[in-house]
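Quick notes on the structure that follows.
In what follows, chains are A, B, ... by sequence order, proteins preceding strands, each numbered from 1. None of these values were measured; they are calculated from a predicted model.
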Amino acid sequence: MAGKKGSASPGGRARKPTPERTGPIRDAWTPPGLAAARGHHTGGHEDVGEAVAEAVRSGYRVIGENLRQGRAAADRMAAGRYELADAPEELSVLGTRLVQLGRELSTVWFDLVGAVLRDPGLKDVLKPLHAKAPVHAPAEAPVATGPMLSVVFLGTDRARAKAVPMQVAERPSSLVTAGFHPLGTGQPPITKVTFKLSGDGEGIVALVEVPEHQPAGHYSGTVCDAASGEPVAALTIEIHG
Amino acid sequence: MNVAWPGVEDAGAAQQGPGFAGFEPAPCGTVTPPTVGQALKAHGAAARAELERFLRAQPEAPFLSALVADYPRRPGKMMRAGLCMAAAGLFGHRPPQAARAAAAIELFHNGLLIHDDIEDDSEERRGLPTLQRLHGLPLALNAGDATLMHAIALLLDAVEPLGPHVVKQAMAATLRMSRETAEGQALELGWRDGGTMGLTDSDYLEMVLKKTAWMSVIWPLQLGLLIGSGGRADPETVARFGFFLGAAFQIQDDLLNFVADPAYGKEWLGDLYEGKRTLMLIHLEQHASAAERAQVTDLLALPRAARTRAMVEDVAALMERHGSLAHARAVAGALAGAAAHEHELAFGRLPDTADRALLAGLVPWVFERR
């Protein structure tokens, strides 16, 4: 605490400098920016009130969007749309994602994560994240920016498919598909497919009827807008033996 | 103390720059409760003890162990450790695992600092030469990698006794922080290396959220919260408070770079030498004349080694003349106000404890630290 410089009395004795204050500061703390926003100028260079208020508004927008993205990612995981493979591969898939993140930081992290996930003690700790039929994990989980196309199978419990984001046609009509064709050779295609609005009204569900003796394998097909023929999504179905 | 380090240009200026005329880096009066400093010191000591125990327990690896131990042993405020410890104590009892988690956070932070110093080609860290200046880039980079690895191991060691629910959430929070931090660093580096201009305050805040706030404030709070509540508290509760506190912290850090104080620990005007897009630089670009903007652009287009002290000081003078420093200081203050507001929202219903007071006290503290 600065004070006035000490001085000598007429008798020659040195005097203590006079303190600037003799009592505690009891007023509530007001950040200078907030003071400026309330109309008290700081520095004299500009009226900072509106600029400062806009900075705070920007801050709320930034953190709001960041948290929303995080919640969306967490919701996808909780709903089983995070494309996790069957246990015990589930951990290796999670590990792959950890590794990808780790690559951004260091290659040694890569080795560490792999070693940690191979640790049987830790494997027991990390339980499967969902109970639904697992699906094949892509290299990167899609970032859902619009409606999703999910799949419900009729007539079998051997089939699996991951939900995919849809490109919305400029003038959407109805959806059609030429069916899902085998990636291998010799298997018949899966052609009985209809589409309906999802229960929450925000996506589409493809109802796929799989014949009883449909051979195991991967089948893929394109879903198109009926009026324009514009492709809106590509689906891959896996039939297990 | 003015020490000339080999390879460090203009070491005298770097150590004892004249400061920046007319600039006051600490806008607030003495309002930080005295207990904040004491609490940070106490929590820091607990975290340091755990960190030292961990470092001593590692097998000696040539060209590595000493490098990994270097940065953690340099003096620091241990703010991140303090955040974790305080958050862990909010519910009435601080589990012993909190100190170990706090140590892991500080170790992770130091690992990122090693990488930051390489990416920024910095010459000093906490008043001493950076690791790459002392040992060369390859060994420093390797040490940074190892430090991050050790930090994760230490964190797992801390949270595993608390059960799988806490482990899972702690790792999820750590992964989220890692991604955000990498994205934020990518933004900052990309802007710098790509010569990006025309940024806004909102762009800066997004970068600071990712690069600084997640790692330095939100993540430590979340880990402390998870440890203290046994995994029952929602980590998102602390995100807004953490962001605004972290943003105020970073802006103040940027402002402190205009102060020549060896205790501050970074090179004077180093951010300008590095071409970092700070709030001040963004403000200057928006308010400068065409000729002045060209002067700034010309400086930023040069490689770092070609940026002379005179050029950098001229741009710094422009910042003062156009009120860029005052703007940044005002924004930092306003964000601190938002942090105080969010603190009340997040913690207002918790018991009135020393830990809760510490978190509140950190808001003015960011302006008064050196």
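- More than 12 heavy atoms of other residues, nucleotides or ligands shown are found within 6.0 angstrom of CD on Q286(B).
- Neither the backbone nor the side chain of A247(B) comes within contact range of chain A; no heavy atoms are under 4.5 Å apart.
- The main-chain N or O of H240(A) is found under 3.5 Å from a side-chain atom of R158(A) such that the two form a donor-acceptor pair.
- Interface residue F244(B): only side-chain heavy atoms are found under 4.5 Å from chain A.
- With hydrogens and angles disregarded, no donor-acceptor distance shorter than 3.5 Å links the side chain of E180(B) to the backbone of W214(B).
- Looking at Q185(B), neither its backbone nor its side chain comes within 4.5 Å of chain A, counting heavy atoms on both sides.
- Among residues two or more places apart in sequence or in another chain, the salt bridge (Lys or Arg N to Asp or Glu O under 4.0 Å) test is passed with D157(B) by R100(B).
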